[in-house]
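Accompanying notes for the structure given below.
In the text below, chain A, chain B and the rest are named by the order of the sequence lines, each starting its count at 1.
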Amino acid sequence: MFENLSERLGGVFDRLTKAGALSADDVTAALREVRTALLEADVSLPVARDFIKRVQVKATGASVTKSVTPGQQVVKIVHDELIATLRGDEDPGKLKIDNPPAPVLMVGLQGSGKTTTTAKLARRLKEREGKRVLMASLDTNRPAAMEQLAILGTQIGVDTLPIVKGENAVQIAKRAKSQATMGGYDVYLLDTAGRLHIDEVLMDEVQAVRDAVNPRETLLVVDGLTGQDAVNVATEFEGKVGITGVVLTRMDGDGRGGAALSMRAVTGKPIRFVGMGEKTDALESFEAERVAGRILGM
Amino acid sequence: APRRVLDDAFVEELEDLLVQADLGVETALKVTANIAAGRFGRRVSTAEIKEALADEITRIMEPVARPMPLYPKRPQVVLVVGVNGAGKTTTIGKLASQFRAAGKSVIIAAGDTFRAAAVEQLQVWGDRAGVPVMTAPEGSDPASLAFDALTRAQAEGVDLLMIDTAGRLQNRADLMEELAKIVRVIRKKDPSAPHNTLLVLDATTGQNAVTQVEVFRQMANVTGLIMTKLDGTARGGVLVALADRFGLPIHAIGVGEQIDDLDAFDARDFAAALTGSPD
Ligand SMILES: Nc1nc2c(ncn2[C@@H]2O[C@H](COP(=O)(O)OP(=O)(O)OP(=O)(O)O)[C@@H](O)[C@H]2O)c(=O)[nH]1
Ligand SMILES: Nc1nc2c(ncn2[C@@H]2O[C@H](COP(=O)(O)OP(=O)(O)OP(=O)(O)O)[C@@H](O)[C@H]2O)c(=O)[nH]1
Ligand SMILES: [K+]
Ligand SMILES: [Mg+2]
Ligand SMILES: [Mg+2]
């Protein structure tokens with residue numbers, strides 16, 4: 001259903017005869033197509049606008065080499081800028097988890113994939129980095145949320161904090177901290193209940209958890225199929241909780257993944273991992289090139 | 001109120017408003033063009049133009065705002081499908097509670113035999129709704145559970161059998177085939193079943209919802225939609241694109257995590273929330 005960007009721009013530039021340098025008019029016409037492509041890929045509108053402005057500056061007057069068409073030249077500029085924006089400065093797969101036991105807090109909307117990602121991350125840390133990991137569910141809300149994490153823990157051979165009914169999220173977090181300290185764990189992962197970014201009570205709760213354990217990493221887990229709301233989610237979680245990175249789930253779907261750009265642009269924080277399936281081994285380090293190509297439908 | 005000439009710039013602002021509500025570019029342009037026609041070049045107030053937008057969206061959505069039909073057929077089989085985490089299990093709990101309140105007898109089949117603690121989750125919802133939940137061991141074939149559940153529902157003469165399924169992305173051919181198999185197996189017992197196949201969509205989802213409907217409809221014969229998580233800031237505008245393209249009825253909306261947080265889909269309320277105009 002979606003045309004890829006090259007096809008779109010082909011249409012615009014077929015009408016242009018002379019090559020050489022990209023004129024301001026060429027660029028404006030081309031960027032209208034880029035804008036549509038970004039919006040169809042679910043990039044949030046304000047993020048798409050800013051992105052277009054930056055590309056406009058870079059593209060206007062850019063010379064078109066003989067070997068490419070003006071359309072290809074614009075695609076290249078857009079593609080490069082997209083990769084530059086998506087890519088962080090550091091190795092995305094490397095979490096700051098020195099100083100044991102290092103707390104890692106997982107947050108996000110309902111159903112985004114926090115619990116599954118917690119288990120995926122635990123498995124990765126255990127198998128790839130030989131870490132001793134403890135997982136704890138702070139989800140006192142969703143039916144069987146704690147059992148879900150416990151079952152996953154058994155499946156991957158990672159300890160979970162024993163379930164004590166009646167404790168609140170902060171109490172569980174503190175218990176996880178002391179058990180992680182006494183038990184000699186390297187890392188403890190705190191899975192939290194799904195919450196809407198506008199739910200004051202639950203946003204206060206996660207702040208209290210944060211203040212109780214001082215997480216080394218706070219990862220916002222976001223559905224890769226998210227639409228325009230991404231900008232609100234990113235703004236609120238960054239503003240109210242403060243995040244250190246993003247995990248995009250369900251990237252095994254056929255969504256275009258524009259939420260990646262929205263998340264990155266709004267929070268300025270690195271996208272660290274992508275979820276590529278339901279199973280606990282389906283977690284990959286984020287690669288800017290792949291996601292850029294996907295957003296542009298290439 | 002201040003009035004402005006409805007020019008290209010104004011039209012673009014309206015398009016942007018709709019794009020930000022997830023209508024998608026194509027549908028946003030179409031809806032905006034419809035209301036701009038006949039008003040272009042005239043002086044209008046923002047309130048007036050938003051109301052016109054809301055009217056247009058109401059016009060598109062009214063034909064699909066229909067509750068889930070109840071049939072005299074007993075048991076009426078309701079299959080619930082959708083991508084991962086959309087809200088299927090929660091919605092089954094809410095629906096079961098509503099049917100119970102309406103005096104119907106209900107059985108739920110915990111057809112998600114894959115995800116960790118999916119069964120335990122549904123059992124809690126069954127308890128809350130006062131409805132028995134049939135389960136099968138983790139990793140077992142959901143189609144055979146569905147078959148057994150229908151056998152029991154027929155024997156007990158219950159009004160409704162609701163079948164939960166594991167979340168699946170529509171591009172996973174193997175999992176979509178598993179769903180098609182559930183339907184085939186149910187039909188061996190009752191060729192007219194499932195009587196309703198509900199696709200649950202998450203309001204935070206963007207344009208991928210279009211492909212979700214396309215593929216689930218093809219593979220599982222979806223008869224109606226439910227959109228969850230409309231209690232957040234996502235406005236679910238992709239429903240407008242879906243109404244325009246597929247015309248499937250929208251039975252209900254999820255507006256929270258509690259058992260009563262399921263409302264009828266109201267075209268005018270939806271349009272008002274979407275355009276930010278007072279209703
Ligand atoms: N296909 C796919 N499914 C995923 C991925 N990550 C998680 N899921 C599925 O998404 C659904 C929701 O995942 P959960 O881990 O329960 O999500 P959550 O954020 O903990 O949900 P709440 O605790 O209810 O807020 C489950 O069916 C998972 O199997 C992914 O990367 N790809
Ligand atoms: N805010 C809000 N949350 C909801 C709504 N409906 C469901 N949820 C939450 O979304 C999360 C996922 O819901 P589930 O019912 O487990 O979704 P599912 O489609 O069965 O998930 P899988 O079986 O893992 O594919 C849970 O945390 C629910 O409480 C809703 O209308 N509003
Ligand atoms: K979602
Ligand atoms: Mg969870
Ligand atoms: Mg479920």
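Inter-residue side-chain proximity for B/Thr205 and A/Thr226 is flagged as unmet; no heavy-atom pair is nearer than 4.5 Å. At a threshold of 4.5 Å between non-hydrogen side-chain atoms, the residues B/Arg115 and A/Gln148 count as touching. Contact annotation: the side chain of A/Arg49 approaches that of B/Asp16 to within less than 4.5 Å [non-hydrogen atoms, C-beta and beyond]. Looking at heavy atoms from C-beta onward, A/Ser44 lies out of side-chain contact with B/Gln20 at the 4.5 angstrom threshold.
Residue B/Leu23 does not touch chain A at all, counting heavy-atom pairs closer than 4.5 Å. Heavy atoms closer than 4.5 Å to chain B are found nowhere in A/Leu149, neither backbone nor side chain. In this structure, no portion of A/Glu236 lies under 4.5 Å from any heavy atom of chain B. Both the backbone and the side chain of B/Val19 come within less than 4.5 Å of a heavy atom of chain A. Contact of B/Arg235 with chain A is not made at all, since no heavy-atom distance falls under 4.5 Å.
Rounded to the nearest 0.5 angstrom, A/His197 NE2 and B/Thr233 OG1 are separated by 2.5 Å. With values rounded to the nearest 0.5 angstrom, B/Gln123 atom CD is found 10.5 Å from A/Glu147 atom CD. We find the CG-CG distance between A/Asp254 and B/Leu169 to be 8.0 Å, quoted to the nearest 0.5 Å. In this structure, CG in A/Asp42 is found 10.5 Å from OG1 in B/Thr204, a value given to the nearest 0.5 Å. Rounding to the nearest 0.5 Å places CZ of A/Arg142 at 4.0 Å from CD of B/Gln121. In this structure, A/Asp199 CG and B/Asp231 CG are separated by 8.5 Å, a value rounded to the nearest 0.5 Å.
By the 6.0 Å contact criterion, CD on B/Glu177 is enclosed, its count of non-hydrogen atoms from other residues, nucleotides or ligands being greater than 12. Atom CZ of B/Arg128 has more than 12 heavy atoms from other residues, nucleotides or ligands within 6.0 Å. Taking a 6.0 Å sphere around NZ of B/Lys30, one finds it holds 12 or fewer heavy atoms contributed by other residues, nucleotides or ligands. Other residues, nucleotides and ligands contribute over 12 non-hydrogen atoms within 6.0 Å of the CD atom of A/Glu167.
Across A/Ile151 and B/Glu120, no two heavy atoms sit closer than the pair CD1-OE2, 4.1 Å. Taking each heavy atom of B/Lys229 and A/Gln110 in turn, the nearest pair found is NZ-O, 2.9 Å. When all heavy atoms of A/Ala144 and B/Ala117 are compared, the pair lying nearest together is O-CB, 3.8 Å.
Taking 4.0 Å as the cut-off between side-chain N and carboxylate O, B/Arg172 and A/Glu278 count as a salt-bridged pair.
Most heavy-atom pairs under 4.5 Å with chain B: of the set A/Gly194, A/Gly277, A/Pro143, this distinction falls to A/Pro143. Chain A forms more heavy-atom pairs under 4.5 Å with one residue of B/Gly93, B/Ala86, B/Gly232 than with any other, namely B/Gly232. For the set A/Thr36, A/Val231, A/Asp252, A/Thr115, the count of heavy-atom pairs under 4.5 angstrom toward chain B peaks at A/Asp252.
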Requested in this report: Would you please test B/Gln212 and A/Leu225 for side-chain contact (heavy atoms from CB on, under 4.5 Å) and show each step?
Outcome: CA-CA 11 Å; B/Gln212 290 176 20; A/Leu225 307 176; 3.8 Å; yes
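Side-chain contact annotation: A/Glu40 with B/Gln207, donor-acceptor N/O pair under 3.5 Å absent.
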